[in-house]
Amino acid sequence: MPELPEVETVRRTLEPAVGRRVRGVWTSGLPLRLNGPVDRAGLARAATGAVIAGVRRRGKYLLIDLAGRDRLILVHLGMSGRLRIVPARAPRAPHTHVVLSLTGGRELRYSDPRRFGLVDLAPAGGREREHPSLAVLGRDPLVERVTGAFLHEAARRSRQTMKSILLDQGIVAGVGNIYASEALWLAGVPPTLRGVRLDRARADALARAIRAVLRRALERGGTSLRDFVDADGVAGENADYLRVYGRAGAPCPRRACSGRIRRTVIQGRATFHCPACQRR
DNA sequence: TAGAGCCTGCGG
DNA sequence: CCGCAGGCTCTA
């Protein structure tokens with residue numbers, strides 16, 4: 001479900017949890033795809049009694065810092081994960097797998113029907129990249145500079161298509177299936193173009209497109225195609241502004257382009273582009 | 001470097 | 001009933 005703009009939207013709406021103390025921890029015991037059953041004892045040891053010092057994001061991962069503790073809580077929402085801050089007495093949603101009860105009568109709850117996500121512990125104190133999931137991440141476009149030169153260099157070393165390169169979290173961290181198609185369309189780059197064939201001018205355009213697409217989506221609170229909501233349960237508005245994703249058969253929204261959006265499959269993922277204006 | 005696999009839910 | 005879903009990992 002969530003890509004960088006959605007995860008960042010969740011991060012921002014988690015801010016009210018900062019400064020609250022963790023009073024207790026509950027877990028469902030069911031395995032999550034990315035790290036198996038949540039380490040309940042470890043989580044309790046790391047978090048119980050600690051004040052939440054901040055919530056950070058790195059690619060599609062959220063990092064919950066705990067004041068004075070040597071571990072932080074790492075969360076990935078997978079396809080269907082949600083983090084919500086709710087009153088402790090609110091009924092628990094189905095598929096809730098982790099609950100942190102907080103001071104002030106609130107709970108921070110992680111629910112995830114498909115269980116493709118992750119809730120884990122990582123070293124704190126600036127050593128979070130020792131966690132294997134964070135160790136392999138590339139540049140986060142909102143944190144570091146994703147420039148044309150950087151993309152050009154990364155693409156040149158790859159034998160993959162540009163669509164796959166954008167989905168590679170080890171290169172650009174945070175772009176997922178929606179924004180990969182959107183950025184390629186905005187830059188006029190065909191999704192099937194091989195990385196080695198991406199010239200520097202198009203790399204510049206693509207770098208700009210990635211930043212623009214992510215920033216605009218974030219301004220609109222993310223894309224809610226079906227069920228994405230932030231930590232307050234509010235859906236994002238960006239679905240209305242998608243230019244190609246999910247719009248197969250529609251006229252290309254580019255000015256003076258008479259093409260129609262096509263749906264193809266690249267590496268098993270739906271891909272949308274305009275054959276008329278995304279050309280080699 | 002494709003493809004399968006992991007899960008549940010939804011819409012046609 | 002079938003296909004599809006915003007992610008990621010492991011396998012041949």
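Sequence lines set the chain letters: A, B, ... in the order given, protein chains first and strands last, and positions in each chain run from 1. These figures come from a predicted structure and were not determined experimentally. Keep in mind that the numbers below use all heavy atoms, side chains included, and drop hydrogens, waters and symmetry copies.
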Residue pair A:Arg57 / A:Val143, side-chain heavy-atom distance below 4.5 Å: yes

A:Val119 side chain near A:Leu74 side chain, heavy-atom distance below 4.5 Å: no

Secondary-structure string, 5' to 3', Watson-Crick or G-U under 3.5 Å, | for another-strand partners, for DNA chain C: |||||.||||||

Bounds of contact between DNA chain C and chain A, in 5' to 3' order, using a heavy-atom cut-off under 4.0 Å: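 Nucleotide range in contact with chain A: C:dC4 to C:dT9.
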
What is the nucleic acid contact for [X], judged by heavy atoms within less than 4.0 Å: base, sugar-phosphate only, or nothing?
{"X": "A:Glu6", "result": "base"}
{"X": "A:Tyr245", "result": "sugar-phosphate"}
{"X": "A:Ser80", "result": "nothing"}
{"X": "A:Asp227", "result": "base"}

Interatomic distance, A:Leu14 atom CG to A:Ile52 atom CD1 [nearest 0.5 angstrom]: 8.5 Å

Rounded distance (nearest 0.5 Å) linking atom CZ of A:Arg157 with atom CZ of A:Arg159: 14.5 Å

More than 12 heavy atoms from other groups under 6.0 Å of CZ on A:Arg20: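 Yes.
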
A:Arg262 CZ: over 12 foreign heavy atoms closer than 6.0 Å: no

Residues which pass side-chain contact (heavy atoms from CB on, under 4.5 Å) with A:Ala93, listed by chain and number, not counting sequence neighbours: A:Thr96

Pair listing, salt bridge (Lys or Arg N to Asp or Glu O under 4.0 Å) test, anchored in residues 176-202 of chain A, at least two apart: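 Residue pairs with at least one partner in residues 176-202 of chain A: A:Arg200-A:Asp204.
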
Cation-pi, A:Trp26 ring and A:Arg92 (6.0 angstrom, 45 degrees): yes

Base-contact (B) and sugar-phosphate-only (S) positions in nucleotides 2-12 of chain B, heavy-atom cut-off under 4.0 Å, - elsewhere: S--BBBBS---

First encountered from the 5' end of DNA chain C, between A:Phe272 and A:Leu34: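 Nearer the 5' end of the strand: A:Phe272.
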
Whole-angstrom distance between C:dG3 and B:dA4, as gauged at atom P: 13 Å

Residue-level proximity of residues 134-141 of chain A to DNA chain C when a heavy atom falls under 4.0 Å: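 Of all residues in residues 134-141 of chain A, none places a heavy atom under 4.0 Å from DNA chain C.
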
